[in-house]
Amino acid sequence: MLDPKLLRNQPDDVATLLAHKNYQLDVIDFKNLEKKRKKIQIDTETLQAERNAKSKQFGRMKAAQEDTAQLKKTLDVMSQQLKQAESELDMLKKIIENKELDIPNIPHKSTPIGKNETDNHIIKHWGTPHAFDFDIQDHVALGKLYGLDFEAGSKLSGARFTVMRGGIATLHRALTQFMLNLQIKQGYEECYTPYLVHENALKNTGQLPKFEIDLFKIQTNNETQAHYLIPTAEVPLTNLAANKILDLAQLPIKLTAHTPCFRSEAGSYGRDTRGMIRQHQFDKIELVQITHPDESFSALEEMLCHAENVLKALNLPYRVAALCSGDLGFSAAKTYDLEVWLPGQQKYREIASISNCTDFQSRRMQTRFKNMTGKIELVHTLNGSGLAVGRTLVAILENYQTNEGHIHIPTALQPYCNGLTILK
RNA sequence: GGAGGGAUGGCUGAGUGGUCGAAAGCACCGGUCUUGAAAACCGGCAUGGGUUAGUAGCCCAUCCAGGGUUCGAAUCCCUGUCCCUCCGCCA
């Protein structure tokens, strides 16, 4: 959520910034609602103050055994008026709050302005795509040889589900362990969290109320409150700090977790239907940092390095994109994407996304800290992949293939593979 | 699944209808004392919102959440959530 004061005091400036994110803020509507709110709130609070004063007087008179009949009459009337005023105010506040929950974070000034992914800035390349002197295969053809079973996945659960067996399953598991260990070494605390969360957790990180369609919702018969499958571990990890006032000394908090992620992929029909690039369920190592507001942009650079180090250790060529304003996610002020080279597609494909959400999430979930002067301030939250496991597996299959259709296992993963060095 | 107990400020914990935003202790901050520190003593110390030029003042709200009773609710009633203890079941 944006700072309501900023929205109130400089709605036109905010609208301009949001336009860069392809979001149109209805300034006139907003100003009108605010004007109404202000009037009703002042009226209501004045009435409340009067009621409070008279009620106290009532108590005093009662204690002194004076006659309170006249005063009670006045208070009866006031009480009725108040009920109406309060409910009117509540309704208006709800309307405004619901609108505010739909407004995305504003892009940071270092985020390049642009319409869509074609305007992203490629800021760096690492490694060179391997030149193969034979006809290469894509991960679908290669994976099938070693236990990647798309048919079994769709038989069990439909499109966009995959079963992994044998060598592929080992490689996938080795990747998660390798990545987790690396992130722990880079200073993150390893966590295991629930994969089902309440609506509120998703509201805090910005997936709800706007993007419910992207989520899997679980509703059992005897439950009053639904659960949602997490679309990313960003949700449980970031929410660990919800409703807390942290000590300055606790910052930054650095967390990592290996979890499955569940996404309905509504609106991406027909995209990436082949292979395991876009699945309803995939594993990811997530990184989260909770930082002092002054430190968040340096933390973003640091997290980018932490993600890059995974690809470097696996010797996979990649590039880094600074997302333009129009391609930014809902909660992000600035985002870097890591794109790995996929020989099978002759393309760089997103394998990690690292974002600074500034105070957008912390305001929603009330995560604050006491600064040096004892004043309470909102923290900044960041999240990033370290990395998406399924897509890394795809990259390894395609980048490490041989003429015979074998797969070399990267040295960094071999300690986790029970002596396996090659899939053949 | 059955039976009971509970949820109060950063923490512990008192408070069963009015003057309670809330005792006390701990923690924290400032001061006195001290060569310095500790101890002791004195003082300060909840959050959100509104108004405002204001991190001044004033006002409103908040004692798990949502409803209700009442002129008035931390306190009484209803519903929900979460936690704890015992029994049952269970990886």
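By convention in this document, chain letters (A, B, ...) are assigned in the order of the sequence lines, proteins followed by strands, and residues within each chain are numbered from 1.
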**Message:** Can you tell me which nucleotide in B/U51, B/A61, B/U19 comes closest to the side chain of A/Q48?
**Reply:** B/A61
**Request:** Please determine, for the side chain of A/D76, which listed nucleotide (B/G10, B/C71, B/G49) has the closest atom?
**Result:** B/C71
**Request:** Please state the P separation for the pair B/C58 and B/G67 - nearest whole angstrom.
**Result:** 30 Å
**Message:** Could you tell me how far B/C82 sits from B/A27 if I compare only their C1' atoms? Round to whole Å.
**Reply:** 27 Å
**Request:** Would you sort out whether A/Y195 and A/H227 count as a side chain to side chain contact (heavy atoms under 4.5 Å, CB included), showing the intermediate values?
**Result:** CA-CA 9 Å; A/Y195 307 145; A/H227 285 101; over 6 Å; no
**Item:** A/E45 CD to B/G49 C1', straight-line distance once rounded to whole Å
**Value:** 7 Å
**Request:** Write down the distance separating the P atoms in B/G25 and B/G44, rounded off to the nearest Å.
**Result:** 13 Å
**Message:** Taking the basic N atoms (NZ, or NE/NH1/NH2) and the acidic carboxylate oxygens, is any pair closer than 4.0 Å for A/E398 and A/R349?
**Reply:** no
**Message:** Distance check needed: B/G49 C1' versus A/M1 CE, whole Å only.
**Reply:** 12 Å
**Asked** Is A/D90 paired with A/K94 through a side-chain N to carboxylate O contact shorter than 4.0 Å?
**Response** no
**Request:** Go through A/Y400 and A/H408 one step at a time and tell me if the ring pair (Phe, Tyr, Trp, His ring centres under 6.0 Å) criterion holds.
**Result:** CA-CA 5 Å; A/Y400 279 84; A/H408 284 298; 7.6 Å; no
**Asked** Nearest-Å distance, NZ (A/K62) to P (B/G18)?
**Response** 13 Å
**Message:** Taking B/U8 as the reference, what is the distance to B/A73 when you measure between their C1' atoms (whole Å, please)?
**Reply:** 14 Å
**Asked** Reckon A/D247 touches a base, only the sugar-phosphate, or nothing at all at heavy-atom distances under 4.0 Å?
**Response** nothing
**Fill in**
Note: for A/G59 and A/R8 on RNA chain B, the residue whose nearest nucleotide lies more 5' is A/G59
**Request:** Please check the phosphate of B/C71 (OP1 and OP2 only) for any side-chain N or O of A/T74 closer than 4.0 Å.
**Result:** no
**Complete:** Note: A/Y416 and A/R173 closest approach over all heavy atoms is O-NH1, 3.0 Å
**Asked** Which whole number of Å gives the distance between the C1' atom of B/C20 and that of B/U62?
**Response** 13 Å
**Request:** Pick base, sugar-phosphate or nothing for A/I376, based on heavy-atom distances below 4.0 Å to the nucleic acid.
**Result:** sugar-phosphate
**Prompt:** Which is true for A/K5 with a 4.0 Å heavy-atom rule: it touches a base, it touches only sugar-phosphate, or it touches nothing?
**Reply:** sugar-phosphate
**Request:** Describe the nucleic acid contact of A/R51 in one word from base, sugar-phosphate, nothing, applying a heavy-atom distance below 4.0 Å.
**Result:** sugar-phosphate
**Request:** Tell me which nucleotide among B/G18, B/G50, B/U19 gets nearest to the side chain of A/A63.
**Result:** B/U19
**Prompt:** Which whole-number value in Å describes the distance from A/H198 NE2 to B/A65 C1'?
**Reply:** 13 Å
**Message:** Please pick, from B/U51, B/C59, B/U69, the nucleotide with the shortest atom-to-atom distance to any side-chain atom of A/I42.
**Reply:** B/U51
**Asked** Side-chain donor or acceptor of A/Q366 under 3.5 Å from a matching atom on the base of B/G48?
**Response** no
**Fill in**
Nearest-nucleotide check on RNA chain B, A/K56 vs A/R37; residue mapping nearer the 5' end is A/K56
Donor-acceptor pairs under 3.5 angstrom involving side-chain atoms of residues 9-27 of chain A: please list them, not counting sequence neighbours.
unit_1, atom_1, unit_2, atom_2, d
A/N9, ND2, A/K5, O, 3.2
A/D12, OD2, A/K31, NZ, 3.4
A/T16, OG1, A/D12, O, 2.9
A/K21, NZ, A/N105, O, 2.8
A/K21, NZ, A/G329, O, 2.9
A/K21, NZ, A/F330, O, 3.3
A/K21, NZ, A/A332, O, 2.8
A/N22, ND2, A/K115, O, 3.0
A/D26, OD1, A/D29, N, 3.2

**Request:** Using the C1' atom as the reference point in each nucleotide, state the distance between B/U19 and B/G72 in Å, no decimals.
**Result:** 13 Å
**Message:** Please confirm whether the shortest side-chain N or O distance from A/N52 to OP1 or OP2 of B/A61 is below 4.0 Å.
**Reply:** yes
**Message:** With a 4.0 Å cut-off on N to O distance, would you call A/R37 and A/E34 a salt bridge?
**Reply:** yes
**Message:** Taking B/C89 as the reference, what is the distance to B/C78 when you measure between their C1' atoms (whole Å, please)?
**Reply:** 32 Å
**Request:** Return the stems involving RNA chain B, sorted by first number, where pairs are Watson-Crick (N1-N3 with N6-O4 or O6-N4) or G-U wobble (N1-O2 and O6-N3), both under 3.5 Å, and runs are 3 or more long.
**Result:** B:1-7 with B:81-87, B:10-12 with B:24-26, B:28-32 with B:40-44, B:46-51 with B:57-62, B:64-68 with B:76-80
**Request:** Report the nucleotide, chosen from B/A61, B/G10, B/U52, that has the shortest atom-to-atom distance to any side-chain atom of A/K38.
**Result:** B/U52
**Prompt:** Looking at A/A85 and A/I40, what are the two nearest heavy atoms and their distance?
**Reply:** O-CG2, 4.4 Å
**Asked** Between A/E265 and A/R278, is the closest basic N to carboxylate O distance under 4.0 Å?
**Response** yes
**Request:** May I have the distance from A/L47 (atom CG) to B/C71 (atom C1'), rounded to whole angstrom?
**Result:** 13 Å
**Request:** Rounded off to whole Å, could you give me the CG-to-C1' distance for the A/D43 and B/C59 pair?
**Result:** 14 Å
**Message:** Tell me the interatomic distance from A/K54, atom NZ, to B/C71, atom C1', rounded to whole angstroms.
**Reply:** 12 Å
**Request:** Send over the distance from A/L89 CG to B/C59 P, rounded to a whole Å.
**Result:** 19 Å
**Request:** Take atom C1' in B/U52 and the same atom in B/A46, then report the distance between them in whole Å.
**Result:** 23 Å
